[in-house]
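Accompanying notes for the structure given below.
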Amino acid sequence: QVQLVESGGGLVQAGGSLRVSCAVSGRTFSRYAMGWFRQAPGKEREFVAAISWSGGNTYYADSVKGRFTISRDNAKNTVYLQMNSLKPEDTAVYYCAASGRYSGSTYAPSIQYDYDYWGQGTQVTVSS
């Protein structure tokens, strides 16, 4: 079983920065592609960013491209999401997820159904 625990959420003013982390335990972290998703009140959960197990491939939603950066440290079993130039519309619960469907080094899925394990989420609130 794989456990994912997010941390680092909080309240930040528009234009500010925040980094959320996701610690993974249970199985070999480096075998999993990792992704970040978010869900705002009254909206469906949406894709934010993904990173392949090697870290060599990343993929972003258009809404965060150029502002957010996903990265991973396989030695620490942790994936990060650095969020800069935050906007009020970035307010949401942010979830990390792990996918072990394919072993390709560039595999970084954006579809939530391709992910096998999910964290409990961390709240990010951006005030205007």
Side-chain angles (χ1 to χ4, degrees):
Q1 189 69 17
V2 176
Q3 291 85 39
L4 292 78
V5 179
E6 300 96 335
S7 61
L11 174 65
V12 63
Q13 288 188 334
S17 297
L18 201 63
R19 189 178 79 162
V20 291
S21 303
C22 175
V24 182
S25 62
R27 287 194 176 181
T28 306
F29 172 70
S30 60
R31 294 182 180 177
Y32 290 89
M34 299 296 298
W36 285 97
F37 292 77
R38 66 186 182 186
Q39 187 168 20
K43 295 187 176 182
E44 294 187 352
R45 188 161 57 187
E46 65 176 4
F47 170 75
V48 175
I51 187 167
S52 60
W53 67 259
S54 67
N57 189 39
T58 57
Y59 183 49
Y60 297 92
D62 288 343
S63 59
V64 306
K65 201 172 295 182
R67 300 189 297 123
F68 290 12
T69 302
I70 187 171
S71 62
R72 65 190 295 159
D73 186 337
N74 286 349
K76 296 182 177 180
N77 287 9
T78 302
V79 62
Y80 306 96
L81 184 69
Q82 176 67 43
M83 302 180 288
N84 299 329
S85 301
L86 282 161
K87 305 175 181 179
E89 51 264 42
D90 294 318
T91 295
V93 177
Y94 283 71
Y95 298 91
C96 70
S99 174
R101 303 291 176 92
Y102 301 102
S103 60
S105 61
T106 61
Y107 180 60
S110 61
I111 306 300
Q112 59 180 315
Y113 301 108
D114 286 335
Y115 286 87
D116 305 298
Y117 304 100
W118 292 83
Q120 83 290 347
T122 185
Q123 177 70 47
V124 172
T125 303
V126 184
S127 62
S128 57

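For the single chain, residues carry numbers from 1 onward in sequence order.
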Does [X] count as lying over the ring of [Y], i.e. NZ or CZ under 6.0 Å from the six-ring centre, within 45 degrees of the axis?
{"X": "Arg45", "Y": "Tyr95", "value": "yes"}
{"X": "Arg101", "Y": "Tyr113", "value": "no"}
{"X": "Arg38", "Y": "Tyr94", "value": "no"}

Pair Arg67, Asp90 - check side chain to side chain contact (heavy atoms under 4.5 Å, CB included), show working.
CA-CA 11 Å; Arg67 300 189 297 123; Asp90 294 318; 2.8 Å; yes
Any chance you could lay out the side chain to side chain contact (heavy atoms under 4.5 Å, CB included) test for Ser52 and Ser105, step after step, and finish with the verdict?
CA-CA 6 Å; Ser52 60; Ser105 61; 5.8 Å; no
Does a salt bridge link Lys65 with Asp62, judged by any charged N lying under 4.0 Å from a carboxylate O?
yes
Can you find a pair of side-chain heavy atoms, one from Trp53 and one from Tyr32, that are under 4.5 Å apart?
no
Stepwise, does the side-chain hydrogen bond (donor to acceptor under 3.5 Å, both in side chains) test hold for Asp114 with Gln112?
CA-CA 5 Å; Asp114 286 335; Gln112 59 180 315; over 6 Å; no
Ring pair (Phe, Tyr, Trp, His ring centres under 6.0 Å) partner of Phe47, chosen from Trp36, Phe68, Tyr59:
Tyr59
Compare every heavy atom of Phe29 with every heavy atom of Val79, then report the nearest pair and how far apart it is.
N-CZ, 4.1 Å
To the nearest 0.5 angstrom, please state how far the [atom1] atom of [X] sits from the [atom2] atom of [Y].
{"X": "Phe37", "Y": "Gln39", "atom1": "CZ", "atom2": "CD", "answer": "11.5 Å"}
{"X": "Ser127", "Y": "Leu86", "atom1": "OG", "atom2": "CG", "answer": "10.0 Å"}
{"X": "Arg72", "Y": "Asn77", "atom1": "CZ", "atom2": "CG", "answer": "9.0 Å"}
{"X": "Met34", "Y": "Cys96", "atom1": "CE", "atom2": "SG", "answer": "5.0 Å"}

Keeping Thr58 on the side-chain end and Ile51 on the backbone end, is there a donor-acceptor pair under 3.5 Å?
no
So, does Asp73 use its side chain to make a donor-acceptor pair with the main chain of Thr78 at under 3.5 Å?
no
Side chains of [Y] and [X]: any donor to acceptor distance under 3.5 Å?
{"X": "Ser30", "Y": "Thr28", "value": "no"}
{"X": "Ser25", "Y": "Gln3", "value": "yes"}
{"X": "Glu89", "Y": "Thr91", "value": "no"}

Run the numbers on Val124 and Met83 for side chain to side chain contact (heavy atoms under 4.5 Å, CB included), then give the verdict.
CA-CA 10 Å; Val124 172; Met83 302 180 288; 3.9 Å; yes
